[in-house]
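Presented below is the structure to which this report refers.
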Number of protein chains: 2
Amino acid sequence: MSLRHAILGLLAGGPASGYELTKQFDLSLANVWSARHSQIYPELQKMAAAGWVVVGEEGARGRKEYEITAVGRAELERWLTSPLPERTQRNELLLRVFFLWTLREEDAERFLVDAAARAREIHARLDALDVAIPWDDTRSDLMGRLVLEQGLRVATAIADWADWAAEQISAGHDALHLTDRSPTQL
Amino acid sequence: MSLRHAILGLLAGGPASGYELTKQFDLSLANVWSARHSQIYPELQKMAAAGWVVVGEEGARGRKEYEITAVGRAELERWLTSPLPERTQRNELLLRVFFLWTLREEDAERFLVDAAARAREIHARLDALDVAIPWDDTRSDLMGRLVLEQGLRVATAIADWADWAAEQISAGHDALHLTDRSPTQL
DNA sequence: TCTAGCATGTAAACAGTTACATGATTGC
DNA sequence: GCAATCATGTAACTGTTTACATGCTAGA
């Protein structure tokens, strides 16, 4: 599970309350990982029980500030240097593309044209973010820029692919007559 | 939820048992969606209760063959033509990159070099798949090729990004001295 | 005969989302 | 006084993984 490590990573940047962590998931981490407060609060309790974090200052309105411990830092490092799990990442866009043969050609093509538009929207949103953020030359901001750059590159790749894919489909419909289906194995 | 729609899509290609569907998730759909038999069997029961599929032939060893119904086909079409949900897709690679500033520079760089190698492995695996599959000119195989092509393009984009990112990190360490961190907002 | 693969299921645990629930404080 | 927002939690439900559990059949 990565949620606890995401929290650990955020706390490595300084102590924070569950409320503040929730906001960081909605802002900083929005494009990379998401978590609701209803998941964060219980997780912080488990992490405290495991000794990865401790409650430091308790402020107004029941505010509890969590700090990362030495054990927590060690766990964060262990996680960062352990091999990435190679589980299949689910991709609903591609799942749908796989079954696009069941639609009429024009609907399949529209799907891909929409997908291209969506990818370009995401690119534009990330571009705007990049401009809006007052990046400095800290190492943490460098990493933020690296993350954003991957977002931009992948969005571009997907937009270009979707354009190309839409063409492949329309190329089929005025040239040869393709049959409806046959069992496939990707 | 997409699992039931993935199953619907597979059954649109012809009737199949839970066992056969499980194999299709492991083979055809491996790069796009995953599901275990322990999720598939109960899901088929729910789909049958909803009238999306029916049990047709029952064969040896308790084999039950499921067929998609007209209701199921309508639901598949509805799903394919409905807007893609825009939930944050979790990305553990980028999550880790975000916290790479907590590592020593050489470890952060190694992380990215490894990420580039991983992306190239994935690319090679997909390339091999492409060659191994006896594609025909059906519409379903066309869609399979589109899916595979996106995999190749995204893998390339990530490999190139990771090379570039590793350079950005090593560029930092012999030039200016970056401070350790400061609050960031991506 | 025995092994591999066919074939189906359930249970427990974990992860994540949505909804419910409550109360304090700051600033207008 | 009231609204916004700070602040924390729990419960119910859905989705996913891992482990448990069982039995049949074809072929070597």
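Here is how names work: the chains are called A, B, and so on, in the same order as the sequence lines, proteins then strands, and each is numbered from 1.
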pair B/Thr138-A/Trp101: side-chain heavy atoms closer than 4.5 Å: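 Side-chain contact under 4.5 Å: no.
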Separation of atom [atom1] in [X] from atom [atom2] in [N], rounded to whole Å:
X       : N      : atom1 : atom2 : result
B/Ile7  : D/dT16 : CD1   : C1'   : 13 Å
A/Arg63 : D/dT5  : CZ    : P     : 18 Å
A/Arg61 : D/dA4  : CZ    : C1'   : 11 Å
B/Gln45 : C/dT8  : CD    : P     : 11 Å
B/Asp26 : D/dT16 : CG    : P     : 15 Å
A/Arg36 : C/dT18 : CZ    : P     : 5 Å
B/Tyr41 : C/dT8  : OH    : P     : 4 Å
A/Lys23 : D/dT8  : NZ    : C1'   : 14 Å

Taking atom types as they are modelled, is there a donor-acceptor pair under 3.5 Å from the base of C/dT18 to the side chain of A/Ser38?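 Side chain to base: pair found, below 3.5 Å.
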Euclidean distance, A/Leu94 CG relative to B/Leu146 CG, rounded to 0.5 Å: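 Separation between the atoms: 9.5 Å.
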Whichever of B/Arg87 and B/Gly62 has its nearest DNA chain C nucleotide further upstream toward 5':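 Final value for this comparison: B/Gly62.
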At under 4.0 Å between heavy atoms, what does B/Arg90 touch on the DNA or RNA strands: base, sugar-phosphate, or nothing?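 It contacts sugar-phosphate atoms only.
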Have a look at B/Arg4 and say if it touches a base, only the backbone sugar-phosphate, or nothing, with a 4.0 Å heavy-atom cut-off.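 B/Arg4: backbone/sugar contact only, no base atoms under 4.0 Å.
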A/Tyr19 side-chain proximity, nearest of C/dT8, D/dT8, D/dT16: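 When the side chain of A/Tyr19 is considered, D/dT8 is the closest of C/dT8, D/dT8, D/dT16.
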Tell me which nucleotide among D/dT16, D/dG23, D/dT8 gets nearest to the side chain of B/Trp33.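 When the side chain of B/Trp33 is considered, D/dT16 is the closest of D/dT16, D/dG23, D/dT8.
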With the threshold set at 4.0 Å, does a side-chain nitrogen-carboxylate oxygen contact exist between A/Arg110 and A/Asp107?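 Salt bridge present between A/Arg110 and A/Asp107.
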Map A/Ala60 and A/Pro42 onto DNA chain D by nearest heavy atom, then report which one ends up closer to the 5' terminus.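 Nearer the 5' end of the strand: A/Ala60.
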C/dG9, OP1 or OP2 - any side-chain N/O from B/Lys64 closer than 4.0 Å?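 For C/dG9, OP1 or OP2 has a side-chain N or O of B/Lys64 closer than 4.0 Å.
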Below 30° counts as parallel, above 60° as perpendicular, anything between as tilted: where do the rings of A/His5 and A/Trp52 land?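 Rings of A/His5 and A/Trp52: tilted, 30 to 60°.
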Establish, from distance only, whether the side-chain atoms of A/Trp79 and B/Glu92 form a donor-acceptor pair under 3.5 Å.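 A donor-acceptor contact under 3.5 Å links the two side chains.
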